[in-house]
Amino acid sequence: MTTAVSPSLVTTLVQLLLAVLVPLALAVAARIGRRIARALEDKATALLSREERDTLYGAIKVGLRVAQSYGITPEGVRHQIEEKGVDAARRYLGELGLRFDPKFLVDLLHAEYQKQFGAPTS
């Protein structure tokens with residue numbers, strides 16, 4: 001004897017499961033983002049002089065503002081930050097004779113976004 005499961009019951013169970021898992025996944029991502037931001041800040045503090053650190057953070061904030069000026073939206077935030085924000089920060093730092101790995105700048109921009117908006121970039 002086999003018992004048939006109603007498709008609507010399965011659909012309801014999947015929806016309930018998603019309703020629980022999606023907010024949980026977002027909370028975990030936000031927590032990880034905050035930890036990464038703290039780790040990057042600690043690394044920058046240890047390796048740079050105060051003046052270089054202030055310049056770097058200033059460039060990151062400028063880069064984020066540039067990315068926002070291009071119409072940052074929750075969808076595609078990562079792409080806009082990486083494309084526009086890193087380019088602006090890299091050029092600004094280059095004018096001051098400071099060179100940083102673009103991947104490091106991407107991480108800092110995402111950390112700054114997390115700090116300002118309390119949400120991880122998508």
Side-chain angles (χ1 to χ4, degrees):
M1 185 183 286
T2 60
T3 306
V5 177
S6 165
S8 63
L9 177 63
V10 172
T11 302
T12 302
L13 288 174
V14 169
Q15 288 173 342
L16 286 172
L17 186 61
L18 286 175
V20 170
L21 290 179
V22 169
L24 181 63
L26 290 174
V28 168
R31 186 173 182 164
I32 290 170
R34 285 190 295 272
R35 285 185 181 176
I36 290 171
R38 280 193 299 272
L40 288 170
E41 188 172 336
D42 292 345
K43 180 179 178 181
T45 301
L47 299 176
L48 302 173
S49 71
R50 176 78 175 165
E51 184 178 334
E52 289 172 328
R53 197 170 53 247
D54 290 346
T55 301
L56 176 60
Y57 288 139
I60 294 303
K61 289 177 183 178
V62 166
L64 185 56
R65 284 194 302 270
V66 167
Q68 288 172 309
S69 75
Y70 280 89
I72 240 175
T73 60
E75 310 79 33
V77 169
R78 177 175 299 275
H79 173 72
Q80 290 178 4
I81 286 176
E82 290 175 1
E83 183 180 325
K84 304 296 183 187
V86 169
D87 184 55
R90 187 184 50 75
R91 284 185 288 124
Y92 177 79
L93 292 166
E95 290 292 322
L96 300 171
L98 297 171
R99 305 274 183 240
F100 290 94
D101 178 14
K103 290 179 182 179
F104 179 64
L105 296 177
V106 167
D107 290 342
L108 289 177
L109 278 163
H110 289 291
E112 182 63 24
Y113 183 91
Q114 169 79 25
K115 181 178 169 184
Q116 285 187 23
F117 301 104
T121 54
S122 57

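For this chain, numbers begin at 1 and follow the sequence in order. What you see is a predicted model, and the numbers here were worked out from it, not measured in a lab.
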List the residues meeting side-chain contact (heavy atoms from CB on, under 4.5 Å) with L96, not counting sequence neighbours, and say none if there are none.
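Partners of L96 under the side-chain contact (heavy atoms from CB on, under 4.5 Å) test: T55, Y92.
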Side-chain ion pair, D87 and R91, N-O less than 4.0 Å
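Here D87 pairs with R91 in a salt bridge, since their nearest N and O are under 4.0 Å apart.
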How far apart are the closest heavy atoms of A89 and A59, and which atoms are they?
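So the minimum-distance heavy-atom pair works out to CB-O, 3.5 Å.
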Of all heavy-atom pairs between A88 and G63, which one has the smallest distance, and what is that distance?
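Looking at all heavy atoms of both residues, the shortest contact is CB-CA, 4.2 Å.
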Steps toward side-chain contact (heavy atoms from CB on, under 4.5 Å) verdict (L56, L98)
CA-CA 9 Å; L56 176 60; L98 297 171; over 6 Å; no
How would you list, by chain and number, every residue that makes a salt bridge (charged side-chain N to carboxylate O under 4.0 Å, His left out) with R65, sequence neighbours excluded?
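Counting only residues at least two positions away or on another chain, R65 forms no salt bridge (charged side-chain N to carboxylate O under 4.0 Å, His left out).
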For R99, what residues pass the salt bridge (charged side-chain N to carboxylate O under 4.0 Å, His left out) criterion, not counting sequence neighbours?
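Listed in chain order: nothing, the list is empty.
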